[in-house]
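Below is one structure, written out as structure tokens; the observations come after it.
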Amino acid sequence: MAALVIFNVINRRASRRDRVFRDRTDDLDFLNDDQLIARYRFPRQSILDLTDTLRDAIERPSNRSNAIPPHIQVMTTLRILAKGDYLSEVADLHGISICAAICERIQNIKFPREEAEQRKVKEMFYDISSFPNVLGAIDGTLIPIQGMSGDDEPNYVCRKQYHAINVQAICDAELKFTNTVVKWPGATHDAFILANSNIPTIMESQNGWLLGDSGYGLKKWLMTPLINPKSQQEIGYNKSHCKTRNTVERAFGVLKARFRCLHKTGGSLQFNPPKCCKMIGACFRLHNKACSDGLPVPEDVDIQQLAHHNIINDDQQNNEANAIRRRLIQRF
């Protein structure tokens, strides 16, 4: 009997499978820059630069020999944001998301304040369609998120009848974002988001204006189009305004083409609203980095589908702002 027990113990030990650690293929070692950009939106050196920037925030001490390297964590996040894949599918390939660290460490969304900066921004906008004194183009865009329950649920249903975050952003003529507000539910009106942001305070002290669509009220620092232009000068003003303001719609288009998780073709962000806002904020920062690095613009940019229309009545009761716009119209 004792011999049988010993035999069974030995047999069980012999039949045990050794632990096998799956080899994590490192794309940095095998893919060229064009292939990396297609998959991760950034070339090798940019991925390594991002890793160095975020290393202290994402590297964790471990006594194990198979901890996920920081650059793999960075590539995980880039893949999720770029392709809009489900988190579980991509995590099997690389690791975990680090959007919070990106928002904390990469501070590249800055409104131009210095005179030299503003002069450059105005010149670049003027070159588009001869609209003077422009410091930025402003608009909102809807980012789809998963459905939810609870008292706040109706607030997230946008006018297109899906759950979303309504993001306000300002961009320059190079399609880089200079100010973002990422926190409001999808049903929130663009004009309300603007009124409750820091932009009115910033713009009151600036020598210049923003361009916005008719979803915003006319202000002395925010030029909007005429609802019913009649004269040739009014028509010329509207055409120049539209072409120049379209910069922000193109910026949103490039952003969503670069990071498909923000577009409905990528599904929707599968997290609660605060975490979705972190992911959105990370995409804006990574977009600006891609612009600064001179990376190619994705080919499948659909401006018409991505445009954000939020038309209201032409409430132009601001006499000072009206006077400024009337003088501006005389230039066209």
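Scope of the values below: all heavy atoms of this structure, side chains included, with no hydrogens, waters or symmetry mates.
Between Ile170 and Leu135, every side-chain heavy-atom pair lies at or beyond the 4.5 Å cut-off. Gln35 places none of its side-chain heavy atoms less than 4.5 Å from the side chain of Arg44. Between Val167 and Leu262, the closest side-chain pair of non-hydrogen atoms is not below 4.5 Å. At a threshold of 4.5 Å between non-hydrogen side-chain atoms, the residues Leu286 and Thr77 do not count as touching. At least one side-chain heavy atom of Gln206 sits less than 4.5 Å from a side-chain heavy atom of Gln118. Taking 4.5 Å as the limit, every side-chain heavy atom of Leu54 sits out of range of all side-chain heavy atoms of Gln73. A heavy-atom distance below 4.5 Å is found between the side chains of Asn207 and Asn133. Contact check for Leu36 versus Pro43: no side-chain heavy atoms found under the 4.5 Å cut-off.
The NZ atom of Lys183 sits 14.0 Å away from atom CD1 of Ile280, with the distance rounded to the nearest 0.5 Å. Atoms CG and CH2, on Leu218 and Trp209 in that order, are 10.5 Å from each other to the nearest 0.5 Å. Between atom CD1 of residue Ile165 and atom CG of residue Leu269 there is a gap of 8.5 Å, rounded to the nearest 0.5 Å. One finds the CZ atom of Phe284 at 6.0 Å from the OG1 atom of Thr180 (value rounded to the nearest 0.5 Å). The distance from the CZ atom of Arg250 to the SG atom of Cys171 is 8.0 Å, given to the nearest 0.5 Å. Atom OG1 in Thr188 sits 8.5 Å away from atom OH in Tyr156 (nearest 0.5 Å).
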Phe332 vs His241, side-chain contact (heavy atoms from CB on, under 4.5 Å): CA-CA, chis, key distance, verdict | CA-CA 11 Å; Phe332 294 93; His241 182 286; over 6 Å; no

Taking it one step at a time, do Cys158 and Asn166 satisfy side-chain contact (heavy atoms from CB on, under 4.5 Å)?
-> CA-CA 8 Å; Cys158 69; Asn166 191 2; over 6 Å; no

Check step by step if side-chain contact (heavy atoms from CB on, under 4.5 Å) holds for Phe131 and Leu328.
-> CA-CA 9 Å; Phe131 205 105; Leu328 183 57; 3.4 Å; yes

Before giving the answer on side-chain contact (heavy atoms from CB on, under 4.5 Å), spell out for Leu28 and Leu48 the whole-Å C-alpha distance, their side-chain angles and the decisive distance to 0.1 Å.
-> CA-CA 9 Å; Leu28 287 181; Leu48 294 177; 3.9 Å; yes

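Scanning both residues, Ile145 and Cys276, for their nearest heavy atoms gives CG2-SG, 3.7 Å. Considering every non-hydrogen atom in both Phe192 and Asn196, the closest pair reads O-ND2, 2.8 Å. The two atoms that bring Ile109 and Phe177 nearest to each other are CG2-O, 3.6 Å, heavy atoms only. Residues Phe42 and Ile47 share a closest heavy-atom pair of O-CD1, 3.6 Å. Residues Thr247 and Phe125 approach most closely at OG1-CE2, 4.0 Å, considering heavy atoms. Here the closest non-hydrogen pair linking Glu117 and Pro112 is OE1-CA, 3.8 Å.
Under the 4.5 Å side-chain heavy-atom criterion for ILVMFWY residues, a single connected hydrophobic cluster contains both Leu211 and Ile324. The hydrophobic cluster containing Leu142 does not contain Trp184, counting ILVMFWY residues as joined when their side-chain heavy atoms lie under 4.5 angstrom apart, directly or transitively. Under the 4.5 Å side-chain heavy-atom criterion for ILVMFWY residues, no single connected hydrophobic cluster contains both Phe271 and Val157. A continuous path of hydrophobic side-chain contacts links Phe259 to Ile143 [ILVMFWY only; heavy atoms under 4.5 Å]. Linking Ile, Leu, Val, Met, Phe, Trp and Tyr whenever their side-chain heavy atoms come within less than 4.5 Å puts Met148 and Val182 in one cluster.
No donor-acceptor contact under 3.5 angstrom links the side chains of Ser129 and Lys239, judged on distance only. For the residue pair Gln270/Ser268, the side-chain donor-acceptor check at 3.5 Å is satisfied. Between the side chains of Ser46 and Arg41, no donor-acceptor pair of N or O atoms lies under 3.5 Å.
With hydrogens and angles disregarded, no donor-acceptor distance shorter than 3.5 Å links the side chain of Asn288 to the backbone of Lys176. Side chain of Ser240 to backbone of Tyr237: no donor-acceptor contact under 3.5 angstrom is found. With hydrogens and angles ignored, the 3.5 Å screen pairs no side-chain donor or acceptor of Gln168 with any backbone N or O of Val181. Looking only at distances, a side-chain donor or acceptor of His287 sits under 3.5 Å from a matching main-chain atom of Leu175. At least one donor-acceptor pair under 3.5 Å links the side chain of Thr53 to the backbone N or O of Asp49. Here the side chain of Asn155 pairs no donor or acceptor atom with the backbone of Ala187 at under 3.5 angstrom. Formation of a donor-acceptor pair under 3.5 Å by the Asp293 side chain with backbone atoms of Leu295 is not found in this model. Judged by distance alone, with hydrogens and angles left aside, the side-chain atoms of Arg325 form no donor-acceptor pair with the main-chain N or O of Met223 at under 3.5 Å. Panel note: side chain Ser197, backbone Ile199; a donor-acceptor pair is recorded below 3.5 Å. Of the possible polar contacts, none joining the Arg331 side chain to the Arg327 backbone as a donor-acceptor pair under 3.5 Å is found.
For Tyr126, there are no ring pair (Phe, Tyr, Trp, His ring centres under 6.0 Å) partners, not counting sequence neighbours.
The environment of Lys278 atom NZ is sparse: at most 12 non-hydrogen atoms of other residues, nucleotides or ligands sit within 6.0 angstrom.
Looking at Glu204 and Lys220, a side-chain N of the basic residue comes within less than 4.0 Å of a carboxylate O on the acidic one, giving a salt bridge. Using a cut-off of 4.0 Å between Lys/Arg side-chain N and Asp/Glu carboxylate O, Asp172 and Lys120 are scored as not salt-bridged.
Among residue pairs with one or both ends in residues 100-116, those qualifying as side-chain hydrogen bond (donor to acceptor under 3.5 Å, both in side chains) are Glu115-Arg119; sequence neighbours excluded.
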